[in-house]
Amino acid sequence: MNIELATQDAGTALVNIQGRLDAAAAPTFKQQITSAIADGNVRLALHLAHVSFMDSTGLGALVAALKAARKANGDISIVAPSSQVQKLFRLTAMDRVFRIFETHDEALRQLRPGSQ
């Protein structure tokens, strides 16, 4: 798994994730997202188009990241999830928990303070 964080403006970042988000990768993902939030990036747009596989552990890591962001008065949006991730979100009803957008521009616009 590869994670790249690109800060957009104060408190907001686009996070590109590639590869598998599974039991092996989840601890690294959680650590990197927790660090990003601690560094002040509390509004994150997670770009999941290149996540080839996600299991329940990866999904749990996403939920933990969402909780951490909201605890820091932030939020997380999902951008362009791959078809496998979309299926997992629908099967687990996580598509009702996370806001999902087709483009990172839409997600970042929605994450701006005062846009909710």
Side-chain angles (χ1 to χ4, degrees):
M1 180 188 66
N2 182 36
I3 298 175
E4 295 176 6
L5 185 136
T7 301
Q8 302 297 304
D9 53 31
T12 306
L14 176 63
V15 183
N16 286 303
I17 303 164
Q18 297 180 352
R20 297 171 62 92
L21 184 49
D22 56 13
T28 300
F29 170 81
K30 285 183 8 181
Q31 185 274 324
Q32 289 183 333
I33 295 299
T34 301
S35 292
I37 293 169
D39 290 343
N41 294 300
V42 297
R43 294 179 302 279
L44 302 172
L46 304 181
H47 194 267
L48 303 181
H50 302 290
V51 173
S52 57
F53 176 79
M54 183 185 301
D55 64 7
S56 60
T57 308
L59 192 59
L62 284 179
V63 171
L66 179 63
K67 287 181 180 179
R70 287 185 176 166
K71 185 176 181 182
N73 295 316
D75 203 0
I76 287 182
S77 292
I78 304 298
V79 180
S82 65
S83 60
Q84 191 273 329
V85 173
Q86 286 178 27
K87 288 177 190 173
L88 181 62
F89 272 45
R90 281 193 304 271
L91 285 171
T92 59
M94 286 294 119
D95 57 346
R96 296 179 189 165
V97 174
F98 288 95
R99 287 180 287 188
I100 302 172
F101 299 90
E102 290 186 25
T103 69
H104 65 269
D105 287 337
E106 290 175 292
L108 292 168
R109 191 171 25 254
Q110 176 277 138
L111 285 169
R112 284 193 189 111
S115 66
Q116 298 176 12

Trainee: Using the rule that Ile, Leu, Val, Met, Phe, Trp and Tyr join whenever any side-chain heavy atoms are under 4.5 Å apart, tell me whether Val79 and Phe98 fall into a single cluster.
Mentor: no

Trainee: With no hydrogens and no angle check, is any side-chain donor or acceptor of Asp39 less than 3.5 Å from a backbone partner on Asn41?
Mentor: no

Trainee: Please tell me whether Phe53 and Val85 are part of a single hydrophobic cluster in this structure, the criterion being side-chain heavy atoms less than 4.5 Å apart.
Mentor: no

Trainee: Do the side chains of Ile17 and Leu59 join up, straight or via other hydrophobic residues, at under 4.5 Å, putting them in one cluster?
Mentor: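 Yes, because Ile17 and Leu59 connect within a single hydrophobic cluster, where side-chain heavy atoms sit under 4.5 Å apart.
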
Trainee: Report the residues that fulfil side chain to side chain contact (heavy atoms under 4.5 Å, CB included) with Ala6, sequence neighbours left out, ordered by chain and then residue number.
Mentor: Gln8

Trainee: Check whether Ser82 reaches the backbone of Ser52 with its side chain - one donor and one acceptor, N or O, closer than 3.5 Å.
Mentor: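 No; judged by distance alone, with no hydrogens or angles, the pair does not exist.
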
Trainee: Write down the atom of Ala45, the atom of Leu108, and the distance for their closest heavy-atom approach.
Mentor: CB-CD2, 3.9 Å

Trainee: Using a 3.5 Å distance criterion without hydrogens, assess whether the side chain of Arg43 forms a donor-acceptor pair with backbone atoms of Ala69.
Mentor: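 No, the answer is negative, given that no donor and acceptor are paired below the 3.5 Å cut-off.
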
Trainee: Give a yes or no on whether the backbone of Pro81 and the side-chain of Gln86 come within a donor-acceptor separation of less than 3.5 Å.
Mentor: yes

Trainee: Check the pair Lys67, Arg70 against side chain to side chain contact (heavy atoms under 4.5 Å, CB included), reporting the backbone distance first and the verdict last.
Mentor: CA-CA 5 Å; Lys67 287 181 180 179; Arg70 287 185 176 166; 6.0 Å; no

Trainee: For a quick test of reading the model, state the closest non-hydrogen atom pair linking Ile33 to Ala65 and the distance between them.
Mentor: CG2-CB, 3.6 Å

Trainee: Of all heavy-atom pairs between Ala23 and Asp55, which one has the smallest distance, and what is that distance?
Mentor: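 In this case the closest contact between Ala23 and Asp55 is N-OD2, 3.3 Å.
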
Trainee: Quick check on the hydrophobic clustering: are Leu111 and Leu14 connected, directly or via other members, by side-chain heavy-atom contacts under 4.5 Å?
Mentor: no

Trainee: With side chains defined as the heavy atoms from C-beta onward, is the minimum distance between Leu62 and Phe89 less than 4.5 Å?
Mentor: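 Yes, side chains in contact.
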
Trainee: In this structure, would Ile76 and Val63 fall into the same cluster of hydrophobic residues linked by side-chain contacts under 4.5 Å?
Mentor: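 Yes, Ile76 and Val63 fall within the same hydrophobic cluster.
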
Trainee: Under the side chain to side chain contact (heavy atoms under 4.5 Å, CB included) criterion, do Val15 and Gln32 qualify, and how do the steps go?
Mentor: CA-CA 10 Å; Val15 183; Gln32 289 183 333; over 6 Å; no

Trainee: Under a 4.5 Å cut-off applied to non-hydrogen side-chain atoms, are Leu44 and Ile37 in contact?
Mentor: yes

Trainee: Which residues pass the salt bridge (charged side-chain N to carboxylate O under 4.0 Å, His left out) test with Arg20, sequence neighbours left out?
Mentor: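 With sequence neighbours excluded, Arg20 shows a salt bridge (charged side-chain N to carboxylate O under 4.0 Å, His left out) to Asp22, given in chain and number order.
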
Trainee: Counting only heavy atoms not in Glu102, do more than 12 sit closer than 6.0 Å to its CD atom?
Mentor: no

Trainee: Does some side-chain heavy atom of Asp9 sit less than 4.5 Å from a side-chain heavy atom of Arg112?
Mentor: yes

